[in-house]
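Notes for the one structure printed next.
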Amino acid sequence: MRLKKIRIMLNIKTIENNRDYVVSRLTVKGFDAAGIVDEIIETEGTRRKKQIELEALFAEQNRVAKDAGARIGILKKEGKHEEAETVKQNAAEESAKFKTKSEELETEVACLEKQVYDRLILLPNLPHESVPAGKSAENNLVVKESGTIPELNSGQPHWELAAKYGLIDFEAGNKLTGAGFPVYTGKGAKLQRALISMFLDHNIEKGYTEVQPPLMINADSGFGTGQLPDKEGQMYHVVADDFYLIPTAEVPVTNLYRNVIVAESGLPVKLTAYTPCFRREAGSYGKDVRGLNRLHQFDKVEIVQITRPELSYGALDGMVAHVEELVRKLELPYRILRLCGGDISFHSALTYDFEVYSAAQARWLEVSSVSNFESFQANRLKLRYKTAQKKTEILHTLNGSSLALPRIVAALLENNQTDRGIIMPEALVPYTGFDIIS
RNA sequence: GGAGAAAUGGCCGAGUGGUCGAAGGCGCGCGCCUGGAAAGUGCGUAUACUCCAAAAGAGUAUCAAGGGUUCGAAUCCCUUUUUCUCCGCCA
């Protein structure tokens, strides 16, 4: 007998038991869920009823087959083949009574199941209570601002500085691939490597284990962390083998724990990974894509944590503090935002963004995004843990950038430019091997 | 890329159409034995979902994944994936 397992994406139970709460929370994200939620609850109710009926039919069929099987086994051993044949035919007849009905029900259940599933994946994660209301980035809440914004007399933007000092060749990237794929050269290349090493060391020091994951993932992984199906167009798709280029290390690293039941003693899981990230960024334009501001390929060091549900917000605070420390080491003026409902991502419950000030462009640039996904990803991933009492419980996943390189480089170049050249922050010098770019 | 072999529970490993959700062993848990331990010995040891107020109990599904044949599939057939051996290619 075959019955497809229901793929629990989100907790249907949560939706059923807290219908109004779910709907009202999702309005914070500007999402009108009432219709979908009601459909889910209704369809799921029907599905469950049919499912119970179906299982009862299967039980009958199994009973018939098992009884017959037991008798046939004995008869055959005794060499009574004719009697065995009779038992066989009786079983076939008896079973036929249930067959038609169960096949019909089976189709029906599969259909209902798909209906529920199709609607379930449309629902974003519920935002945390502290997520401010608001439609766009303007409504994000600045929770902290720190550092001094340098006063430049004749500040050049980073793309000019990059050309002046021979750090980045955007033209060459255009030739090799296309816009958004820069070529780093000389001290520019070394600076990349230095930042990556510094960031990784900082994370390792704080108990994160370094991982080097694949840069391509399959569809299951894309689904597990929520890139699929709703963000399909943002990933590069390798058609010949049906792989996707990772948009962030979060995807392969978190998916290490897809379909895993972790022992409670193994928690929290803390991983860090450096990878290039590939994003199609369809629909971007203007000053947002100038220079390093928005690229199709960029470098990022990521941190991922997996914790027990009751500890996830403590872990989120810890990660924010951790990233803040790193930004301070770079001596960049920064601010921390709590994203409002309209700006927070589909799968996040609470997100803090870090922005550094880019002096020559006179604007804030996002360099890190630290989020708690609560059980949203874990549900998709089927990521759970065993309690000391041997109960299986869902986990929470979190991740953050620590840090994304391009805009850090942009800010470093712009903010630290002097007549003599670009001064490196002290903490970075052991990694670059030079203290000034001139 | 070609040819062959294989995939079984936490691990090892038996099982080629029927009393099989799966022998046996290891590991693990709880007892007994012991002054204590080891050895020995007894019992128990997968996951998900559902029914039930809950417990007890029961049902369904799962032997790489998906599909098929059959009254009945770990076992037969098809597809896919992965692993091993040989050949080819290669950093």
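Chain letters run A, B, ... following the sequence lines, proteins first and then strands; every chain starts at 1. Computed from heavy atoms alone, side chains included, the values below leave out hydrogens, waters and symmetry copies.
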Worksheet entry | Over 12 foreign heavy atoms within 6.0 Å of CD, A:Glu325 |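 Atom CD in A:Glu325 is crowded, with more than 12 foreign heavy atoms closer than 6.0 Å.
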
Fill in: Identified pairing partner of B:C90, criterion: Watson-Crick or G-U wobble below 3.5 Å
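Paired with no nucleotide.
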
Discussion item. Taking pairing as Watson-Crick or G-U wobble with both contacts under 3.5 Å, can you name the mate of B:A7, or confirm there isn't one?
Written reply: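 Matched B:A7 with B:U81 under the 3.5 Å cut-off.
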
Item to complete: Name all pairs fulfilling the side-chain hydrogen bond (donor to acceptor under 3.5 Å, both in side chains) condition that reach into residues 343-352 of chain A, sequence neighbours left out, sorted by first residue then second.
Response: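 Sorted result for residues 343-352 of chain A: A:Asn140-A:Asp343, A:Arg338-A:Tyr352, A:Ser348-A:Thr351, A:Thr351-A:Ser371.
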
Discussion item. Can you see whether A:Phe434 has A:Lys190 sitting over its ring - NZ or CZ less than 6.0 Å from the centre and within 45° of the normal?
Written reply: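 The answer is no, since A:Lys190 fails at least one limit relative to A:Phe434.
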
Worksheet item: Within 45 degrees of the axis of the six-membered ring of A:Phe223 and under 6.0 Å from its centre: does A:Arg380 put its NZ or CZ there?
Response: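 Satisfied, under 6.0 Å and within 45°.
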
Worksheet entry | Residue closer to the 5' end of RNA chain B, A:Ala96 versus A:Ile261 (nearest nucleotide) |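 First, find each residue's nearest nucleotide; the 5'-ward one identifies A:Ile261.
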
Worksheet item: Taking the same atom, C1', in B:A73 and in B:A61, what whole-Å distance lies between them?
Response: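 That atom pair is separated by 14 Å.
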
Practice prompt. Please state the C1' separation for the pair B:C87 and B:U79 - nearest whole angstrom.
Written response: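 The same atom, C1', in both gives a distance of 26 Å.
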
Worksheet item: When all nucleic acid strands are considered with a 4.0 Å heavy-atom cut-off, which category describes A:Ile52: base, sugar-phosphate, or nothing?
Response: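 Sugar-phosphate contact only.
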
Worksheet item: Just checking A:Arg63: base, sugar-phosphate only, or nothing, at a heavy-atom cut-off of under 4.0 Å?
Response: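 Here A:Arg63 touches no strand at all.
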
Worksheet item: B:A48 phosphate, OP1 or OP2: any side-chain N/O from A:Asn259 under 4.0 angstrom?
Response: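 So the side chain of A:Asn259 is outside the cut-off, no N or O lying under 4.0 Å from OP1 or OP2 of B:A48.
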
